[in-house]
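Here is how names work: the chains are called A, B, and so on, in the same order as the sequence lines, proteins then strands, and each is numbered from 1.
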Amino acid sequence: MKDPGTRLDADYFRQSPVDCARGLIGGLFEWEGAGGVIVETEAYAATGDAACHTAFRPSAREFLDHHSPGDAYVYLNYGVHWLFNVTVKGAGGDGFVLFRALEPVFGIPAMKRRRGMDVIEGLCSGPGKLTKALGIGESDHGREFLTGSRTGISCGKTDVPVQAGPRVGISRAQGLPWRFCAVDSACLSRP
DNA sequence: GATGCGATTCAC
DNA sequence: TGAATCGCATCA
């Protein structure tokens, strides 16, 4: 990430999924009038990672083939929750970055309304909560959101301590330490 | 067509 | 601890 406030473009997502995921911690994610600091992400690699959708869903591999780095990859999990990813097409390999948690910064009243609760720390403390709080859904799948007038990602503070650990809720490739968190954030999906 | 499986969340 | 709830992949 560069200087605070600098807007990320598609080129950022031309490095490896792991580098993208780690570097996004501390960035500001903006979505249609609401947004917050990215405090938790996970990396998924299109090759060599059994937990990535590309390993068991041909449609995910096809999505990568037909979309550009930085495009949104949104899907319905457990038939209940939409999960938000960013497409990565790096020199070292393609993949996705899953956004798992934000620290709410603005548009908080709208997020509270959509979530039906008032505790700020809990508004975006999980991948399904985050999409509900921001109003992300099916129609955003494939969207080129980095260049939108009301959507995008900008760089935050560069000195955010980041901790790596195993990814959450997966049954395959559990050993890889590809979950990244802002240390001591009160808004993580789990401590 | 039928079946099984999730990168989750919340109530019981 | 289990239900909710459905897209996608696989198999008959």
Side-chain angles (χ1 to χ4, degrees), chain A residues 13 16-25 29 31 36 38-67 69-90 93-104 111-143 145 162-182 185-191:
Chain A
F13 294 93
S16 76
V18 168
D19 288 338
C20 286
R22 182 172 40 221
L24 283 168
I25 301 298
F29 181 44
W31 194 271
I38 302 165
V39 294
E40 183 178 344
T41 60
E42 284 180 358
Y44 289 84
T47 56
D49 176 13
C52 186
H53 279 181
T54 52
F56 51 93
R57 286 166 72 150
S59 59
R61 178 67 256 177
E62 189 173 350
F63 180 92
L64 280 177
D65 292 338
H66 294 279
H67 285 81
D71 289 357
Y73 174 81
V74 179
Y75 84 101
L76 186 63
N77 190 46
Y78 289 99
V80 181
H81 299 104
W82 295 100
L83 270 59
F84 181 86
N85 299 252
V86 183
T87 300
V88 175
K89 304 189 92 166
D94 300 348
F96 303 100
V97 175
L98 170 68
F99 281 26
R100 289 191 57 90
L102 305 177
E103 178 186 314
M111 291 197 266
K112 285 182 176 178
R113 174 168 42 80
R114 283 187 285 251
R115 288 276 287 115
M117 57 104 72
D118 283 330
V119 182
I120 290 179
E121 292 78 18
L123 290 176
C124 301
S125 58
K129 299 176 183 178
L130 178 160
T131 55
K132 184 170 184 182
L134 296 179
I136 293 172
E138 181 174 28
S139 62
D140 300 306
H141 186 46
R143 183 165 163 184
F145 75 98
V162 177
Q163 183 169 26
R167 291 174 292 184
V168 174
I170 54 173
S171 56
R172 315 175 225 210
Q174 296 177 347
L176 299 173
W178 286 0
R179 175 188 181 224
F180 301 97
C181 297
S185 170
C187 304
L188 302 177
S189 67
R190 31 195 325 186

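- Atom CG in Leu123(A) sits about 13 Å away from atom P in dT9(B), given to the nearest Å.
- Nucleic acid contact class of Arg167(A) (heavy atoms, under 4.0 Å, all strands): none.
- Closest contact between the side chain of Phe96(A) and the listed nucleotides dT9(B), dA9(C), dA7(B) involves dA7(B).
- Atom CH2 of Trp82(A) is separated from atom P of dT9(B) by 15 Å (rounded to the nearest Å).
- Going from atom NE2 of His53(A) over to atom C1' of dC6(C) covers 13 Å, rounded to whole Å.
- A stacking contact links Tyr44(A) to dA7(B): the aromatic ring centre lies within less than 5.5 Å of the base's six-membered ring centre, and the planes differ by less than 30°.
- Looking at the side chain of Val80(A), the nearest of the listed nucleotides dA7(B), dA9(C), dA4(C) is dA4(C).
- Atoms CD (Glu40(A)) and P (dT8(B)) sit 10 Å apart, rounded to a whole Å.
- Between Glu40(A) and Ser185(A), the side chains place no donor N or O within less than 3.5 Å of an acceptor N or O (distance only, hydrogens not considered).
- Ring planes of Tyr73(A) and His53(A): perpendicular class, angle over 60° (limits at 30 and 60°).
- For the C1' atoms, the distance from dG7(C) to dC10(B) is 22 Å, rounded to whole Å.
- One can place NE2 of His81(A) at 17 Å from P of dG6(B), the figure rounded to the nearest angstrom.
- No side-chain donor from either of Thr54(A) and Arg61(A) sits under 3.5 Å from a side-chain acceptor of the other.
- Looking at every heavy atom in both residues, Val119(A) comes nearest to Met117(A) through O-SD, 3.5 Å.
- Put simply, Ser171(A) has a side-chain N or O that comes within less than 4.0 Å of OP1 or OP2 on dG6(B).
- Of the candidates dT8(B), dT9(B), dA9(C), the closest approach to any side-chain atom of Lys129(A) belongs to dT9(B).
- Residue Arg190(A) is out of contact with every strand shown, counting any heavy-atom pair closer than 4.0 Å.
- Among the atoms of the strands shown, none is found under 4.0 Å from any heavy atom of Ser189(A).
- A straight line from NZ of Lys132(A) to P of dT5(C) spans 12 Å, rounded to a whole angstrom.
- Counting to the nearest Å, the C1' atom of dG6(B) and the CG atom of Leu98(A) are 14 Å from each other.
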- Message: Under the criterion salt bridge (charged side-chain N to carboxylate O under 4.0 Å, His left out), I'd like the reasoning laid out for Asp49(A) against Arg167(A): C-alpha separation, chi angles, the key distance, then a yes or no.
- Response: CA-CA 12 Å; Asp49(A) 176 13; Arg167(A) 291 174 292 184; 2.8 Å; yes
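- Where Gly79(A) and Gly126(A) each meet DNA chain B at their nearest nucleotide, the meeting point lying more 5' is that of Gly79(A).
- No engagement by Arg179(A) is indicated, since no non-hydrogen atom pair under 4.0 Å with the nucleic acid exists.
- dA9(C) and dT3(B) make up a base pair, with Watson-Crick or G-U wobble contacts both under 3.5 Å.
- One atom, CZ of Arg57(A), and another, C1' of dC6(C), lie 11 Å apart when rounded to the nearest Å.
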